[in-house]
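Taking it in order: structure first as structure tokens, then the write-up.
Lettering of chains follows the sequences in order, A, B, ..., and the numbering in each one begins at 1. Keep in mind that the numbers below use all heavy atoms, side chains included, and drop hydrogens, waters and symmetry copies.
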Amino acid sequence: MPELPEVESIRMYLDAHLIGKKLIDIEIREPKMFFGNPKKIIGEKIVQILRSGKVVNLQFENNKYLSTHLKLSGQILYAPDKQHAVFANPIPRANTDTMPGKTTHIILTFDDNSALFFNDMRKFGWMKLGDKPEHAKGTDVLSPEFTEEYLRKAISKTARPIKVVLMDQEKMAGIGNIYANDALYLAKIHPARKANSLTPDEINTLHQAILDSIHEGLQYKGSSAQDELYIMPDSSKGEYQHHFKAYHQHGKPCKRCGTLLVRIELGGRGTFFCPTCQK
DNA sequence: CTGCGGTCCTGAAGGC
DNA sequence: TGCCTTCAGGACCGCA
């Protein structure tokens, strides 16, 4: 699912393809997924593309921001030619390589006849038009402010399971289920440990593990596992799913000690870890 | 503060 | 074959 590495990969792609283009039309097929008055950005050029946590913000010349959250199953596809929006790969679950498809809910058209298609099978995602970029409450884990000290403060006052806290966007933004599980595996910390029970050494190790797993995710342009719908705007897949440490690896042997990884539930979410080497 | 359950939605998987 | 039920999951909300 789209977490920081997936969303940042999309942001970088859009940054390379959309800057300076003028928006000439927004087609909203699913009104519940769009908030705000689209007329405010018609005729405006995109000047910058930002990200905060899992949200992408398109900044327009008139300082309006079109923000997008992909939630579980959102996709953003970019076609250089709207009338011939054919992609190299079939779109997952859409059974087609042409857009718009069954799950296309919003279409942005630009002055060079290129287009963005916002697809979402589950319709949990959204686009919002506002005067400011959507800003995650917690510190983005790729920002310079996400220090060991920040992590210590964020987890020191709560007895919730550390894995639940890692996924709390009000504490730190961008980490979802994949990278929370993998970071805890790298740090050899049990996901159910009370957050305020971590030692200073464990906090430092965890901080590095978070950065390592996020950066590895980025390196592979995110995770496009079989049951995920995330793909890049050109329909290419991410490859991090071939490098999962713990996420969805239950039943497989731990690469460190051979113990079979297990699945439990924490905060209502699937949680995966090695019962032997994660303490 | 904390956890729990419900809500949004739909395809996949399992039961019979 | 095919219908029916259950489930996953990010963020949010109400409730105990």
Donor/acceptor link under 3.5 angstrom from A:R269 side chain onto base of C:dG10: yes
Expressed as a whole number of angstroms, how long is the span from A:L266:CG to B:dG3:C1'? 12 Å
For the pair made of CZ in A:R93 and P in B:dT10, what is the distance, rounded to whole Å? 13 Å
Using a heavy-atom cut-off of under 4.0 Å over every strand shown, decide if A:T158 touches base, sugar-phosphate, or nothing. sugar-phosphate
Go through C:dA8, C:dG10, B:dG11 for me and flag the one nearest to the A:M121 side chain. B:dG11
Atom pair distance, as rounded to whole Å: NZ in A:K54 and P in C:dC12: 10 Å
Could you tell me whether the side chains of A:N89 and A:D97 share a donor-acceptor contact shorter than 3.5 Å? no
Output the single nucleotide from C:dA8, B:dT2, C:dG10 whose closest atom is nearest the side chain of A:E265. C:dA8
So A:G176, base contact, sugar-phosphate only, or nothing? Heavy-atom distance under 4.0 Å. nothing
Answer yes or no for this row: A:F124 ring on C:dG9 base, centroids under 5.5 Å, planes under 30°. no
Is the gap between the ring centers of A:H105 and A:F118 under 6.0 Å? no
If you define the side chain from C-beta out and look only at heavy atoms, does anything of A:S236 sit under 4.5 Å from A:I231? no
Between atom OH in A:Y230 and atom P in B:dG11, what is the gap in whole Å? 22 Å
Can you check the A:L72 CG to C:dC12 P distance for me, whole Å? 13 Å
Closer than 4.0 Å, any side-chain N/O of A:Q169 to the OP1 or OP2 of C:dA11? yes
Can you tell which of B:dA12, B:dT10, C:dA11 lies closest to the side chain of A:K123? B:dT10
Contact check, side chains of A:T147 and A:L151, non-hydrogen atoms, under 4.5 Å: no
Among the nucleotides C:dG10, B:dG3, C:dA8, which one has an atom lying closest to any side-chain atom of A:R160? B:dG3
When we call it a touch if two heavy atoms are under 4.0 Å apart, what does A:H105 touch: a base, just sugar-phosphate, or nothing? nothing
Compare the minimum distances between each of B:dG3, C:dA11, C:dG9 and the side chain of A:P161, then state the nucleotide with the smallest one. B:dG3
Whole-Å distance between C:dA11 P and A:E170 CD? 10 Å
Less than 6.0 Å separating the ring centroids of A:Y13 and A:H17? yes
